[in-house]
Each structure stands twice: as structure tokens, then as C-alpha cells.
Amino acid sequence: MNSVTPLIFRASSAQIAVVITLVLGCLLVTGYGMSLMFKNLSEIWYQLKLAQSQSGESTVLIWISLIAGCFVMLIAGVVLLLAVLALVLIEGTQVLVDEFGISVECPLLPGPIARIFGVGRLSWKKVTKIERRKMYFVLRGETAPNKSSSKETIKFLLVDNLEYLIFIIMERSPNLKLDI
């Protein structure tokens, strides 16, 4: 019985190092910004109460600074979460290529969330299109050629030896349509 080991494509160490550096930078900027905001929050609140106690003082600028600070903290938290998600997707995603098809796996994410980000399997006969969408490489496939609702997609972000993977996909997919 012959067993063939599948090819595994993952992100390179340099790509992972760049993403880790970006996540740590986001963490440091977010942490520093939030510490400044919490440190100045009591002073802003004191200025607001002082302006409200005096008749005729306008508190519009103080409210704007307070709301802007909270808005910046919210945006910094969202950017940090997106950076951590990018780290999980790049570090945890692996593309497996075997004689039957191609599959994308991300064991670091739960199943339903991983499927949203493109985890799945396509046999070589089902692969009909490969394209670059925003930050993903997308492989589209059809289970039945006449049905429009039977489309499957798998996605991946970065892998080492990307050119070699694309050439394997082009070579092994008999139904691949290239729009040149």
C-alpha cells in the first residue's frame, strides 16, 4: 500500500515575525494611549464639574475632548483585536496539498469561525477559479456544473513558497478557468 505525504504550506518565519512585530506595536500604542486617557480622565472630569459649577461657562469643548478620547480608545481596541486576528490567521493557517485535492486548515479557531475565514477542502476536479481578493487568495469550486448555488470557496492569507503552491493548483486542476 502506497502512502503519499501531503505537502504542507505555512507562513514563513519572516512573515510571522513581521505580524508579531505589528501586534506588539499595536499593543504598546494601545496600552500607552489607554494609560494616558485613564490618567487624564480624572482631570477632564474635574474641569467639566468646575465649568458646570460656574454659570455661563461653556462645556462643549470639554465634552468633545472626553467623547473623542473614548472614541480613540474604542478604535485602538478594535485595531488591536484585528491585529491579533491577523496573527492567528497567519500563524495558524496551513494549506495541505495531496493527490486528491487541496485543503485549508486553521486549528487555532473554532470550526464555524474558521469556515467564515475560508477553511475547507476542495478536490482538484472542483477547482474552477483562483483569484486574489483584498488580502486573501481565494479558490472557488463547484460541486455540480449546472447549479449556481453549489459554489464552495476556500481562502488563505500568506504561505511560504506561494508561487510553487499556485503552480501546483494550476497544474492539478483540470477545470480551472484562467481569465487572462
Rounded to the nearest 0.5 Å, how far does [atom2] of [Y] lie from [atom1] of [X]?
X	Y	atom1	atom2	answer
N161	E163	CG	CD	7.5 Å
I64	T59	CD1	OG1	9.5 Å
E152	L139	CD	CG	11.5 Å
S103	Q94	OG	CD	8.5 Å
E91	L108	CD	CG	7.0 Å
I90	I20	CD1	CD1	10.0 Å

Is there a donor-acceptor pair under 3.5 Å between the side chain of [X] and the backbone N or O of [Y]?
X	Y	answer
N175	K125	yes
R132	M135	yes
D98	G101	yes
S35	Y32	yes

* To do: Decide, yes or no, whether a salt bridge links R140 with E131 under the criterion of side-chain N to carboxylate O below 4.0 Å.
  => yes

* **Electrostatic pair E105:R121 at N-O distance under 4.0 angstrom** => no

Are [Y] and [X] co-members of a hydrophobic cluster defined by side-chain heavy atoms under 4.5 Å apart?
X	Y	value
L158	L85	yes
L109	I8	no
F9	V127	yes
M170	V95	yes
F71	V79	yes

Do [X] and [Y] have side chains that get closer than 4.5 Å, going by heavy atoms?
X	Y	value
R10	V159	no
V23	V84	yes
V78	L82	yes
I113	P110	yes
L96	L7	no
F117	V104	no
F167	L165	no

* To do: State whether the number of non-hydrogen atoms from other residues, nucleotides or ligands found under 6.0 Å of L28 atom CG is greater than 12.
  => yes

* To do: Inspect the surroundings of CD in Q54 and state if more than 12 heavy atoms from other residues, nucleotides or ligands are less than 6.0 Å away.
  => yes

Minimum-distance pair of heavy atoms, taken over all atoms of [X] and [Y]:
X	Y	result
W124	I102	CH2-CB, 3.9 Å
I154	V119	CG2-C, 4.4 Å
L157	F137	O-CD1, 3.6 Å
D160	S12	CG-CB, 3.6 Å
I168	V97	CG2-CG1, 3.7 Å
T30	G77	CG2-N, 4.5 Å

* Who else is in W63's hydrophobic cluster (ILVMFWY, side-chain heavy atoms under 4.5 Å, direct or via others)? ->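 Cluster partners of W63: M34, M37, F38, L41, I44, W45, L48, I62, L66, M73.
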
* With side-chain contact (heavy atoms from CB on, under 4.5 Å) as the test, would you mind laying out the steps for L122 and F100 before giving the verdict? => CA-CA 9 Å; L122 283 174; F100 302 112; over 6 Å; no

